[in-house]
Student: 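My questions all concern the structure below.
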Amino acid sequence: MAFFGSTKRFSTKLSLLGGAFIRSYSAASGPEQLNLIKQLRQRTSAPIKDVKAALLLSNWDIEEAQKELRKKGKVLASKKSSRTAAEGLLALAQNHNKTALIELNCETDFVARNEIFQHLALSLAKQALSVENYSQQVSGVFHVGPESLEETTLNLEHPKISGETTVHNAIIEVAAMMGENVKLRRGYVMPASSQGLISTYLHTSPQPGLGRIAGILSLEVDDGKAQVDAVERVGAELAMHVVAAKPLFLTKDLVPSDALENEREILKSQAESSGKPQMAIDKMVEGRLRKYFEEVVLLEQKFITNDTVNVKTVLDNLSKEVGSSVRVVNFLRMEVGEGIARQEANASEPVAQSA
């Protein structure tokens, strides 16, 4: 085959059309091709073999190639949606009157470290702040399920993924780019007290607003003019305590009666095996119940930075310091992947209790 009127070097590609291979040509030279591959890799983070294939299919038109990758990626993303995604990150966002926390899952911690995945997580947390149609409220903490967010408009501002799109489409696109199942699992919004603040702590945080374990604590102060700095300082320590100590309930009164009776029966059975008199057994059971409360009730737990006092005493001391009563209204502890080994039907239940 001869070419007339041009001395350019031509590269070839093969495409299948109607059962026959058709040879087509592109004016992109070798160095230009390498540059286009590099650019498209930077734009999409797609594997190099997929980038090259898309450019060949699009006759080295980078815009068309990017569209092809997105189309192909969305198909691959839908195929991966049934795979278990137990890794990921928690993302936190706050404004003056509430705090939002979401969990965005993926399949590997490698993807969780990707800046595009992290940008999406932070964007989703900010989006959760704007939601008003909460699907559920548990002890003053509002559950924001994926269904509350997926059709809302999200504005992404990352060099590799930007513009307005729906939350649903943004997740699909990021899943396509990452080559893994990406899933918005759950979210919560905690309103701040009219006279108080919300303290937060993120553990294993790759950047501000992200982490693998989160502790959120709402504090209320009777006197709105109390020393804010002292309340913020202790609040931050208590949020860290929530992460480390894993409380299940705020006060002893909030421990469900069936859970308490079940624990009492277990302790009684253990005490009876000692062969001691009934009076001694009753004392043993009550003593061990106090220990149980110290393990699961926030106000009864030994403070992580000073185990000579419990959390209730820390709050009493803070109240004296600021000259006004300070109390915990509610708290939330969340960890990436918790409960995924079980059925996810209960994933919407936060670990939070209110006074």
Side-chain angles (χ1 to χ4, degrees), residues 89-101 103 125 139-141 188-255 290-336 338 350-355:
L89 287 168
L90 305 178
L92 185 146
Q94 289 182 282
N95 58 26
H96 66 283
N97 60 4
K98 56 186 174 181
T99 297
L101 181 69
E103 179 180 1
S139 301
V141 178
Y188 301 103
V189 171
M190 180 182 289
S193 170
S194 58
Q195 291 191 159
L197 54 85
I198 294 178
S199 298
T200 65
Y201 174 73
L202 288 164
H203 187 63
T204 315
S205 179
Q207 63 168 295
L210 296 173
R212 286 189 56 83
I213 312 175
I216 305 177
L217 192 97
S218 176
L219 292 173
E220 189 172 60
V221 188
D222 282 347
D223 184 359
K225 298 179 181 179
Q227 301 174 39
V228 176
D229 290 347
V231 177
E232 287 180 343
R233 170 178 51 80
V234 175
E237 292 175 349
L238 289 173
M240 187 187 301
H241 173 96
V242 167
V243 166
K246 304 180 181 180
L248 299 177
F249 312 101
L250 178 55
T251 66
K252 290 191 289 186
D253 293 340
L254 291 172
V255 180
R290 286 194 295 273
K291 184 66 175 178
Y292 169 73
F293 287 136
E294 288 179 3
E295 292 174 355
V296 301
V297 175
L298 176 61
L299 296 185
E300 306 300 321
Q301 288 180 328
K302 299 295 184 183
F303 193 37
I304 56 165
T305 61
N306 180 6
D307 62 7
T308 64
V309 296
N310 61 18
V311 171
K312 183 178 183 301
T313 301
V314 171
L315 290 169
D316 289 342
N317 292 340
L318 176 61
S319 298
K320 292 174 184 177
E321 181 181 349
V322 302
S324 178
S325 176
V326 183
R327 55 193 167 275
V328 177
V329 178
N330 47 49
F331 71 92
L332 171 67
R333 184 189 187 276
M334 202 155 86
E335 187 168 350
V336 169
E338 59 188 351
V351 182
Q353 299 292 340
S354 62

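Computed from heavy atoms alone, side chains included, the values below leave out hydrogens, waters and symmetry copies.
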Student: Do any N or O atoms from the side chain of R333 and from the backbone of G215 form a donor-acceptor pair under 3.5 angstrom?
Tutor: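 Looks like no, no N/O pair under 3.5 Å.
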
Student: Which heavy atom in Y188 sits nearest to a heavy atom in M334, and how many Å separate them?
Tutor: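 For Y188 versus M334, the nearest heavy atoms are CE1-SD, 3.2 Å.
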
Student: Is it the case that the side chain of E338 and the backbone of E335 share a donor-acceptor pair, with hydrogens and angles ignored and the cut-off at 3.5 Å?
Tutor: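 Such a contact is found between E338 side chain and E335 backbone.
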
Student: Could you tell me whether a side-chain N or O of Q195 sits under 3.5 Å from a main-chain N or O of V221, the two making a donor and an acceptor?
Tutor: yes

Student: Treating Q301 as the side-chain partner and E295 as the backbone partner, does any N or O pair qualify as donor plus acceptor under 3.5 Å?
Tutor: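 Yes, because the side chain of Q301 sits within donor-acceptor range (under 3.5 Å) of the backbone of E295.
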
Student: Ignoring hydrogens and angles, tell me if any N or O in the side chain of H241 forms a donor-acceptor pair with the backbone of I304 under 3.5 Å.
Tutor: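 Answer holds: yes.
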
Student: Using only atom types and a distance under 3.5 Å, with no angle test, would you say the side chain of S324 pairs donor to acceptor with the backbone of D223?
Tutor: yes

Student: Inspect the surroundings of NZ in K302 and state if more than 12 heavy atoms from other residues, nucleotides or ligands are less than 6.0 Å away.
Tutor: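 Yes, NZ of K302 has more than 12 neighbouring heavy atoms, counting only those of other groups under 6.0 Å.
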
Student: Do you know which two heavy atoms are closest between A125 and A91, and how far apart they sit?
Tutor: CB-O, 3.5 Å

Student: Rounded to the nearest 0.5 Å, what separates atom CG in L250 from atom CD in E300?
Tutor: 10.0 Å

Student: Find out whether V141 and F331 are in side-chain contact, i.e. whether some heavy atom of one side chain is under 4.5 Å from a heavy atom of the other.
Tutor: no

Student: With rounding to the nearest 0.5 Å, note down the distance linking CD1 in I216 to CG in L101.
Tutor: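 So the gap between those two atoms works out to 4.5 Å.
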
Student: With a 4.0 Å cut-off, would you call K312 and D316 a salt bridge?
Tutor: yes

Student: To the nearest 0.5 Å, what is the distance between CD1 (I213) and OH (Y201)?
Tutor: 8.5 Å

Student: How long is the span from the OG1 atom in T200 to the CG atom in L90, to the nearest 0.5 Å?
Tutor: 12.0 Å

Student: Taking all non-hydrogen atoms of both residues into account, name the closest pair between F249 and Y292 and its distance.
Tutor: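 Smallest interatomic distance, heavy atoms only, reads CE1-OH, 4.4 Å.
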
Student: Sub-3.5 Å donor-acceptor pair from the side chain of T204 to the main-chain atoms of G211, do we have one?
Tutor: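 No; zero donor-acceptor contacts below 3.5 Å.
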
Student: If you define the side chain from C-beta out and look only at heavy atoms, does anything of L219 sit under 4.5 Å from V234?
Tutor: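 They are not in contact (no side-chain heavy atoms under 4.5 Å apart), so the answer is no.
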
Student: If only atom types and distance count, is the side chain of Q94 paired as donor or acceptor with the main-chain N or O of T99 below 3.5 Å?
Tutor: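 Not confirmed, Q94 side chain does not pair with T99 backbone.
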
Student: Give me the atom names and distance for the closest heavy-atom approach of E321 to A230.
Tutor: OE2-CB, 3.6 Å

Student: Report yes if some heavy atom in the side chain of P206 is under 4.5 Å from a heavy atom in the side chain of L89; otherwise report no.
Tutor: yes

Student: Roughly how far, to the nearest 0.5 Å, is CE of M240 from CG of L202?
Tutor: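 Answer for the CG-CE pair, L202 versus M240, is 11.0 Å.
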
Student: Would you name the heavy atoms of K98 and P191 that are closest together and state the gap between them?
Tutor: CB-CA, 3.9 Å

Student: Once you round to the nearest 0.5 Å, how far does NZ of K252 lie from CD of E294?
Tutor: 9.5 Å

Student: So among N310, V314, L315, which one has a side chain to side chain contact (heavy atoms under 4.5 Å, CB included) with L299?
Tutor: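 Answer after filtering N310, V314, L315: L315.
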
Student: Quick one: closest heavy-atom pair of F293 and V255, and the distance?
Tutor: CE2-CG2, 4.0 Å

Student: Should L217 and L298 count as side-chain neighbours, where that means a heavy-atom distance under 4.5 Å?
Tutor: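 L217 reaches L298 side chain to side chain.
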
